[in-house]
**Student:** 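Below is a structure I'd like to ask you about.
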Amino acid sequence: MPVVKFTTNVKPDNSEKLLSDIAQCISEVLDKPLKAVMMMFSQQEFYMNSSSDPAAYIEIFYVGEIDASVKTTLTDSLLEIFIKELHVDPYRVYMNLIQNKREDAWRYIEK
């Protein structure tokens, strides 16, 4: 299950659409069911390069390995969403992809 923490200082026109677009992108690129993508969204102040201009930070936690080409596709696709929907300069976006070992990731298993 990919877990996504997304933070920005931009108030989206439609936060539900933004989160849906991000989740759909992650689901498709990582080939995971959409219902397995957990999204967390917050807004807070950013200060970067002596400016509080629009910025975004995203962490994506996932189980298993992802090859470099998939990571590139994922980050490029997410960047397109941020530029289109938040009007964020690409130089003001940080993305952190964090791999978890399957044995370190908990999930509920019905008994």
Side-chain angles (χ1 to χ4, degrees):
M1 169 169 81
V3 176
V4 181
K5 292 181 178 180
F6 174 60
T7 307
T8 183
N9 61 345
V10 179
K11 183 174 179 8
D13 292 334
N14 183 337
S15 59
E16 190 169 330
K17 179 184 181 322
L18 174 64
L19 295 178
S20 176
D21 289 351
I22 293 170
Q24 186 71 41
C25 173
I26 290 167
S27 169
E28 290 174 5
V29 174
L30 297 184
D31 195 29
K32 300 290 183 186
L34 184 58
K35 67 181 182 179
V37 179
M38 177 186 282
M39 297 284 304
M40 290 172 265
F41 172 64
S42 62
Q43 286 183 267
Q44 66 183 50
E45 292 183 26
F46 277 67
Y47 191 74
M48 181 178 160
N49 196 22
S50 302
S51 168
S52 58
D53 288 345
Y57 176 76
I58 189 166
E59 290 181 340
I60 303 169
F61 298 85
Y62 60 93
V63 174
E65 298 208 17
I66 300 175
D67 67 32
S69 66
V70 173
K71 287 180 183 179
T72 299
T73 300
L74 180 61
T75 54
D76 288 351
S77 299
L78 289 170
L79 189 59
E80 285 181 33
I81 293 170
F82 300 151
I83 292 169
K84 178 182 174 188
E85 296 191 26
L86 298 174
H87 311 289
V88 175
D89 182 321
Y91 292 102
R92 295 184 60 81
V93 174
Y94 274 57
M95 294 188 216
N96 194 5
L97 287 84
I98 303 161
Q99 177 184 0
N100 291 307
K101 295 178 187 169
R102 186 161 305 282
E103 61 268 15
D104 293 338
W106 181 89
R107 70 179 175 99
Y108 178 73
I109 300 173
E110 199 168 324
K111 296 177 184 178

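Position 1 is the first residue of the sequence, and the numbers go up from there.
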**Student:** Please list, one pair per line, the donor and acceptor atoms closer than 3.5 Å that link side chains of residues 27-40 to other protein atoms, with sequence neighbours excluded.
**Tutor:**
from	atom 1	to	atom 2	distance (Å)
Ser27	OG	Lys32	O	2.5
Ser27	OG	Leu34	N	3.3
Glu28	OE2	Gln24	NE2	2.8

**Student:** Can you check side-chain contact (heavy atoms from CB on, under 4.5 Å) on Leu78 and Leu74, steps first, answer last?
**Tutor:** CA-CA 6 Å; Leu78 289 170; Leu74 180 61; 4.0 Å; yes
**Student:** Compare all side-chain heavy atoms of Asn9 with those of Glu45 and state whether any distance is below 4.5 angstrom.
**Tutor:** no
**Student:** Got a second to check how far Leu97's CG is from Glu59's CD, nearest 0.5 Å?
**Tutor:** 10.0 Å
**Student:** Whether the side chain of Gln43 engages the backbone of Val10 through a donor-acceptor N/O pair (distance < 3.5 Å, no angle test) should be reported.
**Tutor:** yes
**Student:** At their closest point, which heavy atom of Tyr47 faces which heavy atom of Ser52, and how far apart are they?
**Tutor:** CD1-N, 4.3 Å
**Student:** Rounded to the nearest 0.5 Å, what separates atom CG in Asp89 from atom CE in Met48?
**Tutor:** 8.0 Å
**Student:** Consider only side-chain N and O atoms of Asn49 and Ser51, and report whether a donor and an acceptor are under 3.5 Å apart.
**Tutor:** no
**Student:** For residues 17-36, which residue pairs pass the ring pair (Phe, Tyr, Trp, His ring centres under 6.0 Å) check, not counting sequence neighbours?
**Tutor:** none
**Student:** Determine whether more than 12 heavy atoms belonging to other residues, nucleotides or ligands lie under 6.0 Å from atom CG of Asp67.
**Tutor:** yes
**Student:** Take Gln99 and Ile66, measure what side-chain contact (heavy atoms from CB on, under 4.5 Å) needs, and give me the verdict at the end.
**Tutor:** CA-CA 8 Å; Gln99 177 184 0; Ile66 300 175; over 6 Å; no
**Student:** Linking I/L/V/M/F/W/Y whenever their side-chain heavy atoms sit closer than 4.5 Å, directly or via other members, would Phe41 and Ile26 fall into one cluster?
**Tutor:** yes
**Student:** Restricting to ring pair (Phe, Tyr, Trp, His ring centres under 6.0 Å), what partner residues turn up for Phe46, sequence neighbours left out?
**Tutor:** none
**Student:** Ignoring hydrogens and angles, tell me if any N or O in the side chain of Ser20 forms a donor-acceptor pair with the backbone of Glu16 under 3.5 Å.
**Tutor:** no
**Student:** Consider side chain to side chain contact (heavy atoms under 4.5 Å, CB included). Of Ile83, Thr8, Leu86, Val88, which one does Val93 pass it with?
**Tutor:** Val88
**Student:** Determine whether Ile98 and Ile58 fall in the same hydrophobic cluster, where Ile, Leu, Val, Met, Phe, Trp and Tyr are linked whenever their side-chain heavy atoms lie under 4.5 Å apart.
**Tutor:** no
**Student:** Should Ile81 and Val70 be counted in the same cluster of Ile, Leu, Val, Met, Phe, Trp and Tyr side chains packed under 4.5 Å apart?
**Tutor:** yes
**Student:** Does Lys84 have any salt bridge (charged side-chain N to carboxylate O under 4.0 Å, His left out) partners at least two apart in sequence or in another chain, and if so, which?
**Tutor:** none
**Student:** Could you give me the CA-CA distance, side-chain angles and deciding distance for Met95 and Leu79, then say whether side-chain contact (heavy atoms from CB on, under 4.5 Å) is met?
**Tutor:** CA-CA 9 Å; Met95 294 188 216; Leu79 189 59; 4.0 Å; yes
**Student:** Just grab all the ring pair (Phe, Tyr, Trp, His ring centres under 6.0 Å) pairs involving residues 50-82, residues at least two apart or on different chains.
**Tutor:** Phe6-Phe82
**Student:** For Lys71, which residues count as a side-chain hydrogen bond (donor to acceptor under 3.5 Å, both in side chains) partner, sequence neighbours excluded?
**Tutor:** none
**Student:** Taking the side chain as every heavy atom from C-beta outward, state whether Asp21 and Leu18 have any pair of such atoms under 4.5 Å apart.
**Tutor:** no
